[in-house]
Amino acid sequence: MRERRRFFVANWKMTRTPSAAAELARAMAALARPAGVDIAIAPSFPALDRVRAALLGSGIALAAQDVFHEREGAFTGEVSAAMLKDAGVSLVLVGHSERRLLRGERETDFARKMARLAEEGLAPLYCVGETQREREAGRTRDVLRTQLGALDGFAVPPPGLALAYEPVWAIGTGLAATPELAAEAHAHLRAELAARFGEPVGRATRILYGGSLSPASAPGLFAKEEVDGGLVGGASLSVSDTTAVLAAAAAPRA
Ligand code: PEP
């Protein structure tokens with residue numbers, strides 16, 4: 001019997017004002033939630049409270065797109081794990097490729113962020129994935145292993161840890177990975193987790209796929225035993241696309 005429930009995480013990125021995000025969240029909350037699929041939505045920081053209110057009673061969890069690695073203090077513009085917890089957040093994205101590329105954040109930053117989240121009992125969704133150039137150079141496995149180095153300081157995995165395999169070349173491009181390619185990367189990540197933390201952790205940790213998930217690409221990707229759900233950007237801003245992707249997530253695996 002499989003141990004991992006499917007997980008759909010919406011990343012709304014820097015789109016939607018708080019009012020527009022609340023309206024979209026109300027529409028998402030009204031959707032029939034398919035059995036066996038957990039759902040979380042990550043709006044922008046200023047929209048967290050309005051989205052939290054819109055999701056009340058829906059069973060959809062509130063997520064954040066990032067966190068700062070320090071506990072408290074003179075860090076203008078940053079947001080702490082304790083602040084996110086108090087705002088009703090339960091899941092936080094760490095290591096998204098847009099943070100890596102735009103802000104130069106690295107494994108040492110992600111390790112510190114995950115340590116802070118663990119202190120507050122917040123679950124990290126740690127994002128990894130290779131660039132086109134790295135894939136073409138045959139370096140995908142090495143890159144993923146290096147990125148998992150953010151977990152080096154943990155004797156046991158951060159509570160609630162899930163991974164998102166997001167090949168950078170697939171994000172926002174309309175070119176999703178093939179199901180075979182995603183399944184291979186997920187199997188590699190699972191083996192790496194098992195090597196670090198033991199087989200039961202490897203088996204139990206959810207690994208989501210992200211990168212141009214859509215009503216067209218989701219059924220093939222979710223048919224793979226290795227793919228435990230999706231981190232979804234563009235399609236998560238559309239109620240009809242979300243409905244279709246959720247239906248694919250709820251379908252039995254091959
Ligand atoms: C993402 O940003 O995590 C993502 C997967 O975006 P998109 O679905 O738009 O490719």
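Every heavy atom of this structure was used, including side-chain atoms; hydrogens, water molecules and symmetry mates were not. Read the numbers this way: they start at 1 and go in the same order the structure lists the ligands and their atoms. Everything numeric here is computed off the predicted structure, so don't read it as measured data.
In terms of protein heavy-atom proximity, atom 2 (O) of ligand 1 is nearest to K13 NZ, 2.5 Å. Ranking the protein heavy atoms by distance from atom 1 (C) of ligand 1 puts H96 NE2, 3.3 Å first. Closest protein heavy atom to atom 5 (C) of ligand 1: E166 OE2, 3.0 Å. Nearest to atom 8 (O) of ligand 1 among the protein's heavy atoms is G233 N, 2.8 Å. Atom 9 (O) of ligand 1 has G234 N, 2.8 Å as its closest protein atom, hydrogens excluded (heavy atom only).
Screening I41, V232, L125 against V9 for a side-chain contact (heavy atoms from CB on, under 4.5 Å) leaves a single residue, L125.
Relative ring orientation between F68 and F75 is described as tilted, the plane-to-plane angle lying within the 30° to 60° band.
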| task | Please lay out, stage by stage, how D109 and R112 fare under the test salt bridge (Lys or Arg N to Asp or Glu O under 4.0 Å). | result | CA-CA 5 Å; D109 302 300; R112 295 169 79 188; 5.3 Å; no
| field | Residue pair H186, V227: steps toward the side chain to side chain contact (heavy atoms under 4.5 Å, CB included) verdict | value | CA-CA 7 Å; H186 285 219; V227 178; 4.0 Å; yes
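Each salt bridge (charged side-chain N to carboxylate O under 4.0 Å, His left out) pair with one or both residues in residues 16-30, not counting sequence neighbours, would appear here, but there are none.
Each of the atoms 7 (P), 8 (O), 10 (O) of ligand 1 lies under 4.0 Å from some heavy atom of S212. For ligand 1 and N11, the ligand atoms under 4.0 Å from any heavy atom of the residue are 2 (O), 3 (O). Contact atoms of ligand 1 toward L231: 3 (O), 5 (C) (distance under 4.0 Å to a heavy atom of the residue). Below 4.0 Å from some heavy atom of G211 lie the following atoms of ligand 1, by number and element: 5 (C), 10 (O).
L148 is not listed as a side-chain neighbour of E107, based on a closest heavy-atom distance of 4.5 Å or more.
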